[in-house]
Amino acid sequence: MDWQWPFSVQQAREFQTRAASQLQLTPFQHPVRCIAGADIGLPNKGSMVRAAICTFDANCLTPLELSIVTLPNTMPYIPGLLGFREVPALVRAYELLENKPQLVLVDGQGIAHPRRFGNASQLGWQLNIATIGVAKSKLTGEHQPLEAPPGSVQPLIDENHIVGYVLRSKARCKPLYLSPGNRVSTEQSLSFVRQCLDGYRLPKPTRWADAFASNRPSAAKLLKLLSPDKVHQIT
DNA sequence: GCGACAG
DNA sequence: ATCTTGTCGC
């Protein structure tokens with residue numbers, strides 16, 4: 001698929017509805033040995049799109065590989081169409097990985113989207129891989145008030161059905177909005193993310209991806225924990 | 001018409 | 001998201 005801005009927003013929405021019907025939301029059945037986190041940053045005042053994907057051993061959560069791809073940014077931010085801005089760079093970053101992860105946690109929504117096709121779903125659909133949406137705020141849906149203790153959960157309901165979960169991943173922090181992207185179930189989205197929590201609000205894979213994509217001060221420190229030959233970059 | 005609106 | 005000063009809590 002080749003969507004070059006400016007394109008018809010209406011046609012893009014129709015594409016999302018059509019592609020969403022092709023998503024697989026049944027439980028992922030194979031062993032997950034490698035989990036990745038994926039995120040986008042916008043360097044140079046948004047003139048560039050930088051994708052970062054970092055892979056981890058699924059059991060001990062030690063970092064394995066990192067890929068960073070920077071491309072010119074074309075699209076503006078349009079709520080509901082985030083995938084068209086982010087996915088092309090994420091695909092390039094994914095292609096650089098020597099060892100492909102069985103599961104990718106993506107910053108943003110999965111099916112918790114007006115047309116059930118958030119950026120996490122779009123990445124999973126295009127690559128035909130398992131993805132989970134890990135969003136820091138809500139796009140659509142409603143839920144009961146969340147209890148204060150960490151670990152509290154509420155189902156996220158949209159149009160009368162469960163599209164994901166709202167999780168208090170850390171005390172005194174705003175919750176996470178989790179939803180399946182592709183090839184995982186709603187229940188698995190919750191359990192896989194919980195498995196990747198390590199005391200911070202964001203699960204380790206997306207936290208590292210965010211650090212590299214947005215070039216946080218912590219990125220330099222994290223980079224030292226990776227073998228130089230396991231770091232791939234395209235600029 | 002008005003409010004909501006991932007990143 | 002990005003930019004950026006100041007503040008609060010552990």
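Quick note on labels: first sequence line is chain A, next is B, and so on, each numbered from 1. Everything quoted here is computed from the prediction, not taken from an experiment.
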How is A:Gly46 classified with respect to the nucleic acid when contacts are heavy atoms under 4.0 Å: base, sugar-phosphate, or nothing? nothing

Could you tell me whether the phosphate oxygens of B:dA6, OP1 or OP2, come under 4.0 Å of any side-chain nitrogen or oxygen in A:Tyr177? no

Check each of A:Leu156, A:Val193, A:Thr186 against A:Tyr165 using the side chain to side chain contact (heavy atoms under 4.5 Å, CB included) test, and report the only one that passes. A:Thr186

For atom NE2 of A:His161, is the number of surrounding heavy atoms from other residues, nucleotides or ligands below 6.0 Å larger than 12? yes

Within the 4.0 Å heavy-atom criterion, would you say A:Arg216 contacts the bases, only the backbone, or no part of the nucleic acid? sugar-phosphate

To the nearest angstrom, the CG-C1' distance between A:Leu82 and B:dG7 comes to 5 Å

Checking A:Val9 now: which residues fulfil side-chain contact (heavy atoms from CB on, under 4.5 Å) with it, not counting sequence neighbours? A:Trp5, A:Arg13, A:Ile78, A:Leu81

So A:Leu81, base contact, sugar-phosphate only, or nothing? Heavy-atom distance under 4.0 Å. base

Verdict with reasoning, A:Glu98 to A:Lys230, per salt bridge (charged side-chain N to carboxylate O under 4.0 Å, His left out): CA-CA 8 Å; A:Glu98 293 174 357; A:Lys230 295 299 183 184; 3.6 Å; yes

Note: A:Arg50-A:Glu86 ion pair, threshold 4.0 Å (strictly below): no

Counting the atoms with a prime plus P, OP1 and OP2 as sugar-phosphate, which does A:Asp107 contact under 4.0 Å by heavy atoms, base, sugar-phosphate, or nothing? sugar-phosphate

Distance check needed: B:dA4 C1' versus A:Arg115 CZ, whole Å only. 14 Å

A:Arg50 CZ to B:dG7 P, in whole Å, measures 19 Å

For atom CZ of A:Phe84 and atom P of B:dA6, their distance in whole Å: 17 Å

Check every strand shown and say whether A:Leu42 touches a base, only sugar-phosphate, or nothing at a heavy-atom separation below 4.0 Å. sugar-phosphate

How close or far is atom C1' of B:dC5 from atom CG of A:Asn119, stated in whole angstroms? 14 Å

Nearest-nucleotide check on DNA chain C, A:Pro43 vs A:Arg172; residue mapping nearer the 5' end is A:Pro43

Between C1' on B:dA6 and CZ on A:Phe117, what's the gap in Å once rounded to a whole number? 15 Å

Is the Lys NZ or Arg CZ of A:Arg207 less than 6.0 Å from the centre of A:Tyr200's six-membered ring, within 45° of the axis? yes

Using a 6.0 Å cut-off, check whether atom CZ of A:Phe7 has over 12 heavy atoms from anything other than its own residue. yes

Would you verify whether the NZ or CZ of A:Lys100 falls within 45 degrees of the ring axis of A:Tyr94 while also being under 6.0 Å from that six-membered ring's centre? yes

What's A:Thr140 touching, base or sugar-phosphate or nothing? Going by heavy atoms closer than 4.0 Å. nothing

At the 4.0 Å heavy-atom cut-off to chain A, mark where contacts on DNA chain C begin and end, going 5' to 3'. C:dA1 to C:dT2

For DNA chain B, list all stems, counting runs of three or more consecutive pairs where every pair is Watson-Crick or G-U wobble with both distances under 3.5 Å. none

Worked check of side-chain contact (heavy atoms from CB on, under 4.5 Å) between A:His113 and A:Leu139: CA-CA 6 Å; A:His113 176 278; A:Leu139 174 61; 3.8 Å; yes

Which part of the nucleic acid, if any, lies within reach of A:Gly133 when heavy atoms closer than 4.0 Å are counted: base, sugar-phosphate only, or nothing? nothing

In this structure, how many angstroms lie between the P atom of B:dG7 and the CG atom of A:Leu202, rounded? 10 Å

What's the CZ-P distance between A:Arg116 and B:dA6, to the nearest Å? 16 Å

Please assess A:Val163 against A:Ile157 for the test side-chain contact (heavy atoms from CB on, under 4.5 Å), listing each intermediate value before the final yes or no. CA-CA 6 Å; A:Val163 295; A:Ile157 312 291; over 6 Å; no

